[in-house]
Number of protein chains: 2
Amino acid sequence: MAVKEKDTEQKIKDAARTIFQEKGFAGARTRDIAEKAGINLALLNYYFRSKQKLYDIIMTETMQTFFGGVIKILNDEQTSIEEKIEAFVTHYIDLLSGNANIPHFILSNVREDPEGYLEKIGALQKAKHSFFFQQFIQASMEGKIPPINPIHFILNLIGLVVFPFLAKPMIAASTGISDQQYADMLEERKRLIPLWVNEMLKVK
Amino acid sequence: MAVKEKDTEQKIKDAARTIFQEKGFAGARTRDIAEKAGINLALLNYYFRSKQKLYDIIMTETMQTFFGGVIKILNDEQTSIEEKIEAFVTHYIDLLSGNANIPHFILSNVREDPEGYLEKIGALQKAKHSFFFQQFIQASMEGKIPPINPIHFILNLIGLVVFPFLAKPMIAASTGISDQQYADMLEERKRLIPLWVNEMLKVK
DNA sequence: CACTTTTTTAAACAAATGATTAAAAACTAA
DNA sequence: TTAGTTTTTAATCATTTGTTTAAAAAAGTG
């Protein structure tokens, strides 16, 4: 049974993704990426020209992974606000459970280079023009949602989902909680966060 | 009117704090710190021996700044749970409004070196043995609080306060919100977060 | 002042690191 | 097979960067 050989380019990208996410751009060593990929150092530049270009590719792909799946959830005209919140939470907890360091990776990058990649993706602009956002504004005008700045709602929803992934190393180091326990706790949040957010939407 | 001259050691620390917080350890250049401090490069090693030792000092001080003030809030035997939550939220929003990059700085550091500094401070352990935590357990046993894992509550409270500071560059880049508007929004959260958290504590 | 100690500076060092080169190896097509 | 192309490798380069050195300047001391 012949195992399909991963090609060199993909091996480099996989190694680069891991190391860039762990160490950041400045902390990553091209030699470490080459070693992890099991290739000669010169091949990295042969395929990608430079560390920076390789990083750009990894970061762009990571942004697409993170922002890509959510648009169709937000633009589903068949679902209510509550259903969208549930879908959003489940989608992201599932996604991040398999890629727990994406949030810190992206936030670090935006912090160093605020204009660099966001325009390439433009996902947050799309979210602002989504069907979900229209529903939200409408519910707000109908008095079903208190007239608070929608940015609070965005921050709360994203924060409740993402913050546990950002803070996991700190929580783990200070409580000694196991990976499995942490995963179970995240799983619980799929159910709890929508309930919490709905309660919060009643506060004025 | 003689302006008190800041001594060299303090100038280096101030410059180092800024640059380490902006660039991280790996991304920071000792030459940049020296230039920002307005001192000769060799003085950095004369006063602090190495980049690493300087970083350790800055990080320890930053952790103390972040975790220092909260213990006496949590151990105040005169205040209720609700009052402690209010005090906690106000304390941190005020603190971080003047030091907005502390959260990302600390989380990045714990991520690279999970055991390194937390023991030096041990603040999270203290929080777990605080009077506040006893009150929380008691309310839980009395049925005033649903029996959910307290880690949810911790994550929610800290996340609602801290996440807006972590995400500010991304929110700012994608919405174009001004610093003043963001500050106003954070100010609103002093009032809203305690209300939200109290509502969340009713969900089972 | 004379002397010692502390602080500061310019220069240099050594290691790390991103990138390049030139040749070898592997592969492809005629 | 052979000629040409692509991929891989070992070695090297050039720059950056943390650190050290030795001397000068400044500050302190008796």
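A, B, ... follow the sequence lines: proteins, then strands. Residue 1 opens every chain.
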TODO: Keeping the roles fixed (side chain from A/D113, backbone from A/N109), state whether a donor-acceptor pair exists under 3.5 Å.
DONE: no
Using distance only, find each side-chain donor-acceptor pair of residues 19-28 of chain A under 3.5 Å and give its atom names and separation, not counting sequence neighbours.
none

TODO: Apply side chain to side chain donor-acceptor pair (under 3.5 Å) to the pair A/K84 and A/T79, showing each step before the final yes or no.
DONE: CA-CA 6 Å; A/K84 285 189 179 63; A/T79 56; 2.9 Å; yes
Task: Separation of C/dA19 P from A/N45 CG (nearest whole Å) - done: 5 Å
Open item on the list: Please enumerate all residues that pass ring pair (Phe, Tyr, Trp, His ring centres under 6.0 Å) together with A/F88, with sequence neighbours excluded.
Closed with: A/Y92
Open item on the list: Salt bridge or not between A/D179 and A/K168? Use side-chain N to carboxylate O under 4.0 Å.
Closed with: yes
Task: Between P of C/dT17 and CG of A/L54, the distance in whole Å - done: 17 Å
Could you list the donor-acceptor pairs under 3.5 angstrom formed between side-chain atoms of residues 156-165 of chain A and any protein atom two or more places apart in sequence or on another chain?
residue: A/N156; atom: OD1; partner: B/R189; partner atom: NH1; Å: 3.1
residue: A/N156; atom: OD1; partner: B/R189; partner atom: NH2; Å: 2.6
residue: A/N156; atom: ND2; partner: A/H152; partner atom: O; Å: 3.2

TODO: Check each residue of residues 22-36 of chain A for a non-hydrogen atom within less than 4.0 Å of any atom in DNA chain D, then write out the ones that pass by number, or none.
DONE: none
Open item on the list: Using the ring pair (Phe, Tyr, Trp, His ring centres under 6.0 Å) criterion, which residues pair with B/F136? Sequence neighbours excluded.
Closed with: B/F153
- [ ] Could you check how far OH of A/Y47 sits from P of C/dA19, rounded to whole Å?
- [x] 18 Å
TODO: Taking heavy atoms of chain A and a 4.0 Å limit, find me the 5'-most and 3'-most nucleotide of DNA chain D within that range.
DONE: D/dT6 to D/dA10
Open item on the list: Keeping A/N75 on the side-chain end and A/F131 on the backbone end, is there a donor-acceptor pair under 3.5 Å?
Closed with: yes
TODO: Write down the distance between CG (A/N40) and P (C/dA22), rounded to a whole number of angstrom.
DONE: 16 Å
Open item on the list: Counting the atoms with a prime plus P, OP1 and OP2 as sugar-phosphate, which does A/L41 contact under 4.0 Å by heavy atoms, base, sugar-phosphate, or nothing?
Closed with: base
Open item on the list: Under 4.0 Å, counting only non-hydrogen atoms across every strand here, what does B/F48 touch: a base, just sugar-phosphate, or nothing?
Closed with: nothing
Task: Interatomic distance, A/L43 CG vs C/dG18 P [rounded to whole Å] - done: 16 Å
